[in-house]
Amino acid sequence: MPELPEVETTRRSLEPYLAGEKIVEAESRRARMLRRQPRERDFADRMRNRRVRGLRRHGKFLLIDLDGDLTWVIHLGMSGRMQVKDPGDPEARHTNVVARTADKEIRFVDPRTFGFTAVLTPDEYAESTLTRLGPDALTELPRTRQLAARLEGRKPPIKSLLLNQSIIAGLGNIYADEVLFRSRVAPHREGGSLDGGEVSAIRRAIRPVLESGLKYGGTSLGDLAYLLPDGQAGRYLDRLKAYGREDEPCPRCGTPIRRSVIGQRSSFWCPVCQT
DNA sequence: CCTCCATCCTGTGGGC
DNA sequence: TGCCCACAGGATGGAG
């Protein structure tokens with residue numbers, strides 16, 4: 001669920017409550033959430049009395065810069081969401097990580113626990129998988145030639161390659177389908193088979209699709225839905241053109257949208273306009 | 001290096 | 001109504 005627009009929306013929502021503030025203390029109540037923390041006990045120790053310098057994002061990773069050259073890494077996984085609450089506010093089920101500032105609680109709620117968090121030193125960061133992330137899909141979108149070079153010779157379907165965070169960071173299953181719909185490329189096409197025009201079309205589609213998602217506060221789908229830190233649902237769901245619309249008419253040509261499983265993920269696409 | 005696939009979890013909705 | 005199973009936005013690590 002949380003893809004680049006949802007993570008960026010989260011970043012913007014948290015910023016006023018964290019930037020420049022001091023984290024008084026933090027705790028994880030599910031050890032599994034700290035599985036990317038090299039030594040589990042470091043998390044609480046490093047968070048205590050730590051000033052927040054600023055909030056960044058790379059792909060779907062939220063990166064919170066702390067004093068002492070530490071980075072607080074948050075990944076929402078499939079079902080994670082952040083909340084800003086007052087101390088004493090009732091807690092949602094699956095509130096797995098809590099960080100307290102002078103007057104607020106920042107809560108990480110994640111039923112499926114596919115999300116994770118960690119506070120990393122520069123050395124730990126350099127050894128983490130974060131260094132394998134490709135350019136950010138919104139702020140570092142590569143030129144067509146560079147993108148083509150990254151796809152050259154690749155066998156997997158373009159849909160899978162768009163989900164590969166080391167090629168471009170930030171697209172997930174929903175927005176990858178929307179990008180392919182907009183660029184009129186079929187999801188099962190072998191990545192290396194795309195011509196320059198097709199790669200260019202994909203590249204050109206990425207920004208407007210993500211900006212559009214951002215404009216509407218992201219996509220909230222289902223009951224495990226991603227929600228904004230203030231509890232609001234994202235409003236982009238109704239504006240999706242392909243994702244989740246099996247058998248509904250294609251908004252461009254009216255042909256029923258098809259669902260296929262590609263790389264073990266559902267893909268929704270128009271069999272007429274996407275070739 | 002690349003590609004494929006199982007796996008980590010919980011909750012929900014559809015089919016019977 | 002109740003039960004069971006399939007499925008769900010993601011990332012990773014191991015096998016081949």
Side-chain angles (χ1 to χ4, degrees), chain A residues 1-10 28-38 57-62 73-82 92-97 108-118 127-134 137 149-180 187-188 190-192 209-210 213-214 216-228 233-237 239-240 242-247 259-268:
Chain A
M1 139 204 2
E3 306 181 29
L4 188 153
E6 292 76 30
V7 177
E8 177 61 17
T9 302
T10 299
S28 168
R29 298 169 192 168
R30 292 223 25 196
R32 179 175 147 74
M33 298 297 285
L34 296 181
R35 63 196 181 280
R36 303 285 163 205
Q37 181 78 57
R57 182 192 54 72
H58 188 171
K60 304 172 197 171
F61 284 81
L62 185 57
V73 177
I74 294 174
H75 194 293
L76 298 175
M78 295 256 263
S79 59
R81 64 180 197 264
M82 302 302 292
R93 197 155 143 74
H94 305 298
T95 298
N96 295 337
V97 181
F108 186 174
V109 180
D110 185 8
R112 288 179 74 184
T113 66
F114 282 21
F116 50 86
T117 192
E127 304 221 331
S128 76
T129 56
L130 276 157
T131 58
R132 285 183 233 150
L133 284 180
R150 283 168 179 267
L151 299 177
E152 190 182 355
R154 296 293 217 119
K155 290 296 188 192
I158 184 62
K159 167 67 182 285
S160 300
L161 294 171
L162 289 179
L163 294 179
N164 181 334
Q165 303 296 299
S166 69
I167 296 176
I168 298 180
L171 296 177
N173 206 35
I174 294 176
Y175 292 96
D177 276 3
E178 295 298 300
V179 164
L180 289 170
H188 50 74
E190 184 179 305
V209 164
L210 294 177
L214 259 178
Y216 292 98
T219 305
S220 295
L221 179 58
D223 264 15
L224 284 186
Y226 149 88
L227 296 173
L228 302 182
R235 291 163 286 110
Y236 193 55
L237 181 64
R239 297 194 142 70
L240 296 175
Y243 185 88
R245 300 205 177 276
E246 184 177 16
D247 295 333
R259 173 180 180 272
S260 322
V261 176
I262 297 174
Q264 299 140 255
R265 313 296 299 279
S266 288
S267 292
F268 299 87

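Labels below follow one simple rule: chain letters A, B, ... track the order of the sequence lines, proteins then strands, and each chain is numbered from 1.
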Side-chain N or O of Ser79(A) versus OP1/OP2 of dC9(B): is the shortest distance under 4.0 Å?
no

Atom CG of Leu130(A) and atom C1' of dA11(C) are separated, to the nearest Å, by 11 Å

Quiz item: In terms of the angle between their ring planes, are Tyr175(A) and Tyr236(A) parallel, tilted or perpendicular, with boundaries placed at 30° and 60°?
Solution: parallel

query: If we take the P atom in both dC3(C) and dC9(B), what is their distance in whole Å?
result: 26 Å

Between Gln264(A) and Pro156(A), whichever has its closest DNA chain B nucleotide further toward 5' is Pro156(A)

### Message
Tell me whether Glu190(A) at atom CD has more than 12 heavy atoms from other residues, nucleotides or ligands lying less than 6.0 Å away.
### Response
yes

Give a yes/no on whether any side-chain N or O of Lys155(A) is located under 4.0 angstrom from OP1 or OP2 of dC2(B).
no

Would one find more than 12 heavy atoms of other residues, nucleotides or ligands at under 6.0 Å from atom CZ of Arg35(A)? yes

- [ ] Begin from the C-alpha positions of Ser166(A) and Arg132(A) and carry the test side chain to side chain donor-acceptor pair (under 3.5 Å) through to its verdict.
- [x] CA-CA 6 Å; Ser166(A) 69; Arg132(A) 285 183 233 150; over 6 Å; no

N/O (side chain, His94(A)) to phosphate O (OP1/OP2, dC9(B)) under 4.0 Å:
no

_Would you say His75(A) places a side-chain N or O within less than 4.0 Å of OP1 or OP2 belonging to dG10(C)?_
no

note: Glu3(A), atom CD; dA11(C), atom C1'; distance rounded to Å ~ 13 Å

When you measure from the side-chain N and O atoms of Arg36(A) to the phosphate of dA11(C), is any distance below 4.0 Å, counting only OP1 and OP2? no

- Item | Phosphate OP1/OP2 of dG10(C): any Arg265(A) side-chain N/O under 4.0 Å | yes

Taking a pair to mean Watson-Crick or G-U wobble geometry with both distances below 3.5 Å, dG11(B) pairs with dC7(C)

From the candidates dA8(C), dT10(B), dA11(C), the one with an atom nearest any side-chain atom of Lys60(A) is dA11(C)

Margin query: Students often mix this up, so state it plainly: with edges at 30° and 60°, are the rings of Phe61(A) and His75(A) parallel, tilted or perpendicular?
Written below: perpendicular

Arg132(A) CZ to dA11(C) C1', in whole Å, measures 11 Å

Checklist line | More than 12 heavy atoms of other groups within 6.0 Å of Glu127(A) CD | finding: no

When rounded to whole Å, the CZ to C1' distance for the pair Arg112(A) and dC8(B) reads 9 Å

Rounded to whole Å, CZ of Phe61(A) lies from P of dG10(C) at a distance of 12 Å

Please work out if Gln165(A) contacts a base, only the sugar-phosphate, or nothing of the nucleic acid, heavy-atom cut-off 4.0 Å. sugar-phosphate

note: Lys159(A), atom NZ; dT3(B), atom P; distance rounded to Å ~ 17 Å

Rounded to whole Å, the CG-C1' distance (Asp110(A) to dT10(B)) equals 10 Å

The residue, Pro157(A) or Arg30(A), whose nearest nucleotide of DNA chain B is more 5′ is Pro157(A)

query = For dT3(B), does OP1 or OP2 lie under 4.0 Å from any side-chain N or O of Arg154(A)?
reply = yes

Ranking dT3(B), dA8(C), dC9(B) by distance to the side chain of Ser266(A), first place goes to dA8(C)

Tyr175(A) OH to dG10(C) C1', in whole Å, measures 15 Å

Regarding the side chain of Arg259(A), the nearest nucleotide among dA8(C), dT10(B), dG10(C) is dA8(C)

Quick note, Arg93(A) side chain, CB onward, closest among dC4(B), dG11(B), dA8(C) is dG11(B)

